[in-house]
Structure formats: C-alpha cells, structure tokens
2 protein chains.
Amino acid sequence: MADVAERAGVSASTVSRTLRGLSSVSPDVRARVEKAARELNFAISRQASSLVTGRTGVVAVLVPTLNSWFMGSALSSLGPLLRAADMELTVYVIPDLAERASFFEQLPARRNADALLVHCFDLTEEEGARLDDLGMPVLYVSQHAEGRPSVYVDDVAGARHGTRHLLNLGHRRIAFMQSPGASGFSFSSHARLLGYQQALAEAGVPLDDSLVVAAPAADKRAVAEALGQLLGLRRPPTAVFAEQDELAAALIWTLRRARIEVPEQMSVLGFDDQPLAEWFDLTTVAQSPSEMGRVAGELALQLINDSEADGKRHIVLPTHVIPRGTTARPTGSATETEGPS
Amino acid sequence: MADVAERAGVSASTVSRTLRGLSSVSPDVRARVEKAARELNFAISRQASSLVTGRTGVVAVLVPTLNSWFMGSALSSLGPLLRAADMELTVYVIPDLAERASFFEQLPARRNADALLVHCFDLTEEEGARLDDLGMPVLYVSQHAEGRPSVYVDDVAGARHGTRHLLNLGHRRIAFMQSPGASGFSFSSHARLLGYQQALAEAGVPLDDSLVVAAPAADKRAVAEALGQLLGLRRPPTAVFAEQDELAAALIWTLRRARIEVPEQMSVLGFDDQPLAEWFDLTTVAQSPSEMGRVAGELALQLINDSEADGKRHIVLPTHVIPRGTTARPTGSATETEGPS
DNA sequence: ATGAAAGCGCTAACAA
DNA sequence: TTGTTAGCGCTTTCAT
C-alpha cells in the first residue's frame, strides 16, 4: 500500500480512503490512486483490514455434505449473493460424527467469520449453546431453532398439501415412504410425516402405521422390499407419497419392473421438485432451496450490518404442489368410497 | 490473548507457542495456558496471525456451480481433507459471464488465500495469465492446463473404453449423445467425443457425423428429438453412448415411452457412475470426482508447503467401465456384421 | 480533502 | 524454556 501511495504521490490514508470508495477524496487524486493501484496490481489485504475493523468479511456455512441437490442449490444461490455484498463464503463440510466432534471442539469459525449459517443439522443442546457464544450471528437454515433466527421450508404444510392432492383425487389408502438416515435431514423428514398425518386426520381417514414404510433412495433392494410390504397388505395403498423425489424415482422404477402401471395402478407423489422430477413426469411438492439460500444470505447480511435487527426471526418458505403425470384417480374410485362395510 | 497470558501468568509469546503446539513449552505451563484459553473461550485470530506469517490458511476454489453431482462430490471430499490440515475452504461460485467478469476484475482471492483450485473452467488466455500472477499456486482441476498443475479424469480413455465395450458386444452403429452448454464442462465433453471417435477408428468403424447428436439432459423435448433423429437414419444405431449419466437416464426414459426396449432393442451407455446409474441399472464409465477432490487437495497442500514441489505436475485419474443391464449384444448380431454391401 | 501517528492481535527474532 | 521487542498492513482518530 505504501508503494501505491508513493507512486500516486499521496499518503497511505488517502489510498485507503480511495480504495474503500469513501467520498472524501478529490476526483483527480482518486484517479491517480486508482491508476497506481492498477499498475502495481495491488489489492487490499482482508487480513490486515479486518484486524482493525474487527470484521472479517466472511460468512461461514456448516453443511453435512455438498453432494445433494438440496445443499448444492442452496449454496449456489448463496455464493453470488455474498459476492455481491463483497463477502466471502467459507464452507465447513461435516460429513460424520468424528468431524462434527472436532468441529465443535475447535470451532474454527470463531473469530474468522461475521456470521455462521448452520444447514440441516439436528444439533444437540450443548452444540447449540456452543454456537450461541460464538460472538456472531448464527442462523439456522433448513431447520427450525427455537429462539434463534431460522430460515426453512414449510415441510409440514407441504406434505399436508401433497397428501390433500391425493385425497382430492379420491385416494383413501395412501402410503408414506420415508428415507431414513439421510444425515442431517431428519428434521424435514419428521415434519413431512407429520403433514401427511395431519391431512389424513383432517379428512377423517384413519392413520395406519402399516402404511408408513422406510427405504433409502439409493438402496433398490430396500425400496423393493418396502413396496412389497405395502402390496402385501390386506388393503394395499392406491398411492404412495415418497418424502423425496429421488425416493419417488426409485419407487417408480421398481413399480415399472413389477409391471405395475403408474399412475393407473399406483399413484406416486414426490417432494422437492428436483430436475429429476420433470423427466420422470413426477407429481411433486415443490420447494426452492435456492430461494432458501438467498433468503438466508440476506438475513445474514442484515444481522451482520445491523445489530438492531431482529435476531430471532423465523422465515418460513412456501411450497406448492406441481401436478404431473404420476398421480391420477384410483382405479374404480367412482364406486369405491370406503368400501361397503 | 493478553488476557489468557495474564490468567496463566505467562507472556503472550508463550501463549502463542502453546496454542500453536510448538514443543518448546514445559508441560505444566502448557496445561495452565490451555486451561486459561478454554476458560476464556479464546481462539487465535487467523487474521492477525496471517498478517505476520504471510499465510492465510485458506484454500480458495472457483466453481461454475455447486449444483451438480460432480462438483458436490469433489468439494465434499476436499472439505474434510483441508480441515484435517487446519485449512479453511472458501468457495467462489461463478455461475455466469457477468460474475465471471467481475471475479477476474477484482480477483478477490488475491492475498486472501494460499492456493486456488480452478474447477471446470475453460479459461481464456488472458484469464489464465491473470491467475498466473496471483502470487499463489493455482491448480486446474477437471481440466488439462498446459504448463500448469492439473488434476483431471482421463475422459478420452474413459470414452474409448466405453466405446470399446459396445464394440466388443458387437455394435457397429454407435451413436454419441452430447450435452451442450453445460457451462464449464465443455472440456470433458470434447474429450469424451474424442475418445469415442478414437475407439471407432481403432476398430475400423467409419465415423458418421449423423450419429453424433446433442441434447441437454434436462430438456425432455430435446432428448426426444435427438433420439428421433437417430431413429430416422437410414441405418439407425443399435447403441447410444450418452456423455453423462443424467443424459443416459433421460434417454432411457424416452426410449421406454417409445416402447423401445433397453437393452434388447437399444443399448445405452452412460458416463459418470452417479448414484442414479445404479438404480437405472445403467452400464456406465465410472469416474470418481471425490477422488479427484482429494488428490487436488493434497497437491494443493503440497504446493503450499513446499515451494520446491513440481509446479507443473499433471495427475490423470483413471476410469473404468461398469457393466450393468443397459447394454447387450445387438439383436441379430450373430448374422449382421457390416451388412452385405 | 489530506497527512501523521497510533494501534488492531498476533508471531519471530533475539536475549536471557 | 520463557520474556521482550519490533512490526506485519491496514484503518482511524486527530490535526491541518
């Protein structure tokens, strides 16, 4: 910086002021400084300035993985938003318990970020408390955290609407397929089951635990087994609500192999609206993780820049059902209401 | 830090030494310092230390998007690796040309990272030059960059092997389906086409441009059209090599709708081996972006820590064909060799 | 509108 | 093994 100052024939302070865009610099001086900076290929060191300003210019995010449509979309929209605000994005990928323990042990984000976005983690009380005295705003994304700022999709309402869509088509035996063990996503999973149950209850359809099955989307065998379980019931379902599009896709695939026509013999409903859904022509409950990323980023910037801001705000994002080709009226629904009994 | 020093009854230097794990600290002093640090919830400020050490403890990565299996896998393995080395990962997401221009204008990574990993970008000469005098190691990941350290998958060989697999099954009319415009991935795309052509040439099968078609995986219409184009040929192909699993999946979907049996009437080969491939039972050419991320991270650490290291190393990662259920001998391959003419 | 000087929190070189 | 001192590159008063 001294070099630039010398070259421009001004003091370091002036260079600093110019490069930060302060208005109190005369036009010709500004021009000279900018020219000198360009010629010397000079850039301000964040390290040095944050030392004095106390701000790092960094937003940290904690994610269980990057390898999913959901996280990828969220961060892909967060990134450009932060860059527009001249902030950097640093990512902590915490795939397993060991990493998690070490993260909370060291809290590497401490003093190295202006805000932390925690994605999709079911934190323990202790972990939450640990983050509380990190000395920076901590936002919870894709999960509801009591008394702390949170941004998440309304999974309960989404699942309720989705289930209603099936009910409106005339389905009464509706199965729900969960995808267990997706690390970090149990919050949503639970909420979606709840929404499904609420919708059934509202419609006066009795809950039946044997209609709730689980299988990881990646495990074809498990999906086939879960399906077998459902088909083996005395009164098998006419529709399945899969809690994620990938699971729905796996299910459709399995149904096709079993020569069960979708939607003629079985309706399938997903949740997410990933690109996948479109080419499976899958009816699904759409959510927008990229919107979530944007909103979370904006809230983070707000909390950083304005300590007066409401630090407990909850932003709940909407979902909507996208009807496509995998759901239809159940066969013979005109006559079959609840059976003659 | 002064607080910790006072509380432990030592000097700041000793605190610094202790917290950095230097051996020249007596056990009891170390214990006192660590206790004090814990009690005060103290952590070293990276900003301050990097100011004096000249190292930031940050590895920056430049990615076109995070929203793909490929990038997600690569970063998911890079993250933990860097954390193990006590480094942070900062991500620059550059989805479009405007962002790209502004990135290269400001070069925000300058002075704020110890190394830069450039993923999947076809940089212009000028951009490359710009990165060259960034004053830090710049690695090119998932692309070959002449005279600069690169880590990438051997797409050419992969496509060659994949094509050979089809040739060995007896196919002679083999189409190649490209996925245009996937921003940042044109390097791989081009390499795979080349591998396909090489394999055909080696086998003495004449190249036929009408067998090379393009469609984005996300666009069902385009996929259907491309397929129609192939089927409308005077001698339609008996196999299609799709340059990505997602495209292969879309293609299979389209074939099923057209009641064309896979693999009986048409073999389909993918490239990637995403989880998708498994539940489509898709024969594919496997690559490992997570391995690529790991290797790139290791090379980056090496270049950071050891300025003697070979700064022009190319690491080429292998691929292998995974035979599954979507490829088979062409119908009537026993009789049909090259036709009677 | 500009400059001089002090200091942000840490590490490194030196001395003890 | 420990403490003292200087200074990393910047921003921010306070003068002018």
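Sequence lines set the chain letters: A, B, ... in the order given, protein chains first and strands last, and positions in each chain run from 1. Below, all heavy atoms of this structure are taken into account, side chains as well, without hydrogens, waters or symmetry copies.
- Between the side chain of A:S13 and the base of C:dA4, at least one donor-acceptor pair of N or O atoms lies under 3.5 Å.
- Atom CZ of B:R55 is separated from atom C1' of C:dA12 by 15 Å (rounded to the nearest Å).
- A donor-acceptor pair under 3.5 Å is formed between the side chain of B:R111 and the backbone N or O of A:A43.
- Scanning residues 22-39 of chain A for heavy-atom distances under 4.0 Å to DNA chain C yields A:S24, A:V25, A:S26, A:V29.
- No side-chain heavy atom of A:V15 sits under 4.5 Å from any side-chain heavy atom of A:R7.
- Side chain of B:V52, nearest nucleotide from D:dT2, D:dG7, D:dC10: D:dG7.
- In this model, the phosphate group of D:dC10 is approached by a side-chain N or O of B:R111 to a distance below 4.0 Å at OP1 or OP2.
- With rounding to whole Å, B:L19 atom CG is found 14 Å from D:dT2 atom P.
- In this structure, A:R20 does not reach the D:dC10 phosphate: none of its side-chain N or O atoms is under 4.0 Å from OP1 or OP2.
- To the nearest angstrom, C1' of C:dT11 lies 15 Å from CD of B:Q47.
- None of A:S73, A:S76, A:S68 except one satisfies the side-chain hydrogen bond (donor to acceptor under 3.5 Å, both in side chains) rule with B:N67; the exception is A:S73.
- Phosphate proximity of D:dT11 to A:T53: absent, as no side-chain N or O sits under 4.0 Å from OP1 or OP2.
- A salt bridge links B:E291 with B:R294: the closest approach of a Lys/Arg side-chain nitrogen to an acidic carboxylate oxygen falls below 4.0 angstrom.
- The only member of A:N112, A:V118, A:D114 that meets side-chain contact (heavy atoms from CB on, under 4.5 Å) when paired with A:L116 is A:V118.
- Here the P atom of nucleotide D:dG9 and the CG atom of A:L40 are 14 Å apart, to the nearest Å.
- With hydrogens and angles left out, the side chain of A:R17 and the base of C:dG3 share a donor-acceptor pair within 3.5 Å.
- Following rounding to the nearest Å, B:L51 (CG) and C:dC10 (P) show an atom-to-atom distance of 11 Å.
- No donor-acceptor distance shorter than 3.5 angstrom exists from the side chain of B:S16 to the backbone of B:A12, with no hydrogens or angles considered.
- Classified by interplanar angle (parallel below 30°, tilted 30° to 60°, perpendicular above 60°), the ring pair B:F187/B:H144 is parallel.
- Atom CE in B:M1 sits roughly 11 Å away from atom P in C:dA12 (whole-Å rounding).
- For D:dG3, the OP1/OP2 oxygens have a side-chain nitrogen or oxygen of B:T14 closer than 4.0 Å.
- OP1 or OP2 of C:dC10 has not a single side-chain nitrogen or oxygen of B:S49 nearer than 4.0 Å.
- Atom CD in A:E6 sits about 15 Å away from atom P in D:dG9, given to the nearest Å.
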